[in-house]
Amino acid sequence: MSEIYEMAGHFIRRLNQISISIFSESMAENGYDLTPVQFAAMSTLKFNPGVDQATLAGMIAYDRVTIGGVVDRLEQKGFVRRVVSVHDRRSRELYLTDEGLEVLTRVLPIVEKLQGDILQGLDNDEKKQFLMLIKKAASAGNSLSRAPLKFKDRQ
């Protein structure tokens, strides 16, 4: 057997593949065309209306260069709107549209349900422990990422 089967990186990559697959299938089965990153962006905008793209990218730990494409697609779907900032005419503030908020409200229970599917094989205590440990590891390595997680009030 290959040594990769004992490496954290291998299992993290596999779990990411599983997570994306479950998310995509669940969205399609329920009639939604939404990616995990689009969901993360919409969820973040719900609680942080008016942030710019760079701030949004940091808040979801996504690459600043490619967040523009995510926002473009959400805007094309009618879920997000860009507004010229009153503070800086060069900047665009991002807001969920009414339709975007409605879609987010409808998909949230679906996304919450599929979380258990991602960690199938673990009992409830193991899921809690796994989440605690993976949060700890992600926090400790945050600064090593090409797209570190940045909270709005810490920038």
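Owing to the predicted nature of the structure, the values given are computational and were not obtained by experimental measurement. Positions are given from 1, in the same order as the sequence printed here.
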Legend entry - Donor + acceptor pair across side chains of Y32, R106 (<3.5 Å): yes

Inset, instruction - Could you tell me whether D63 and R146 make a salt bridge, using a distance below 4.0 angstrom between a side-chain N and a carboxylate O? - result: no

Legend entry - Side-chain ion pair, E75 and R81, N-O less than 4.0 Å: no

Inset, instruction - Flag the pair K77 / D33 as yes when at least one side-chain heavy-atom distance between them is below 4.5 Å, and no otherwise. - result: yes

Inset, instruction - Using only heavy-atom distances, determine whether the side chains of Q76 and R73 contain a donor-acceptor pair under 3.5 Å. - result: no

Inset, instruction - Report yes if some heavy atom in the side chain of I118 is under 4.5 Å from a heavy atom in the side chain of L114; otherwise report no. - result: yes

Inset, instruction - Could you tell me which non-hydrogen atom of E93 sits nearest to which non-hydrogen atom of V86, and how far apart they are? - result: OE2-N, 4.4 Å

Inset, instruction - Decide whether N16 and S19 meet the rule of one side-chain donor and one side-chain acceptor closer than 3.5 Å. - result: no

Legend entry - Joint cluster assignment, I18 & L119, ILVMFWY side-chain distance < 4.5 Å: yes

Legend entry - Minimum heavy-atom distance between R64 and A54, given as atom pair plus value: NH2-CB, 3.3 Å

Legend entry - Pair K127-Q115, side-chain donor/acceptor within less than 3.5 Å: no

Inset, instruction - Treat each ILVMFWY residue as a node, draw an edge where side-chain heavy atoms are under 4.5 Å apart, and state whether L108 and I110 are in one component. - result: yes

Inset, instruction - Determine whether I12 and L122 fall in the same hydrophobic cluster, where Ile, Leu, Val, Met, Phe, Trp and Tyr are linked whenever their side-chain heavy atoms lie under 4.5 Å apart. - result: no

Inset, instruction - Answer yes or no: are there more than 12 heavy-atom neighbours, outside Q129 itself, under 6.0 Å from its atom CD? - result: no

Inset, instruction - Might you point out which heavy atoms bring I67 and Q53 nearest each other, and give the distance in Å? - result: CG2-O, 3.8 Å

Legend entry - Main-chain N/O of D117 paired with Q120 side-chain donor or acceptor, under 3.5 Å: yes

Inset, instruction - Identify the two heavy atoms, one from D123 and one from D125, that lie closest to each other, and give their separation to 0.1 Å. - result: OD1-N, 3.1 Å

Legend entry - Separation of T35 OG1 from M42 CE (nearest 0.5 Å): 10.0 Å

Inset, instruction - Measure from the side-chain N and O atoms of D52 to the backbone N and O of T55, and report whether any donor-acceptor pair falls under 3.5 Å. - result: yes

Legend entry - Interatomic spacing from OG in S26 to NZ in K113 - rounded to 0.5 Å: 7.0 Å

Legend entry - pair F39-L104: side-chain heavy atoms closer than 4.5 Å: yes

Inset, instruction - Would you check if the side chain of N142 reaches a backbone N or O of L149 as a donor-acceptor pair within less than 3.5 Å? - result: yes

Inset, instruction - Could you tell me which non-hydrogen atom of V107 sits nearest to which non-hydrogen atom of L34, and how far apart they are? - result: CG2-CD2, 4.1 Å

Inset, instruction - State whether a side-chain donor-acceptor pair under 3.5 Å links E25 with S21. - result: yes

Legend entry - Least distance between heavy atoms, P36 atom then F23 atom: N-CE2, 3.4 Å

Inset, instruction - Report yes if some heavy atom in the side chain of T97 is under 4.5 Å from a heavy atom in the side chain of V80; otherwise report no. - result: no

Inset, instruction - Give a yes or no on this: more than 12 heavy atoms of other residues, nucleotides or ligands lie within 6.0 Å of atom CD of Q17. - result: yes

Inset, instruction - Please check if atom CG in D98 has more than 12 non-hydrogen atoms from other residues, nucleotides or ligands closer than 6.0 Å. - result: no

Legend entry - Distance-only polar pair, side chains of E3 and Y5, donor-acceptor under 3.5 Å: no

Legend entry - Same apolar cluster (I L V M F W Y, side chains within < 4.5 Å links), L74/Y95: no

Inset, instruction - Please examine the side chains of M59 and F151, heavy atoms only from C-beta on, and report whether any two atoms are closer than 4.5 Å. - result: no

Inset, instruction - Report whether V71 and V83 are members of the same hydrophobic cluster (ILVMFWY, side-chain heavy atoms less than 4.5 Å apart, transitive linking). - result: no

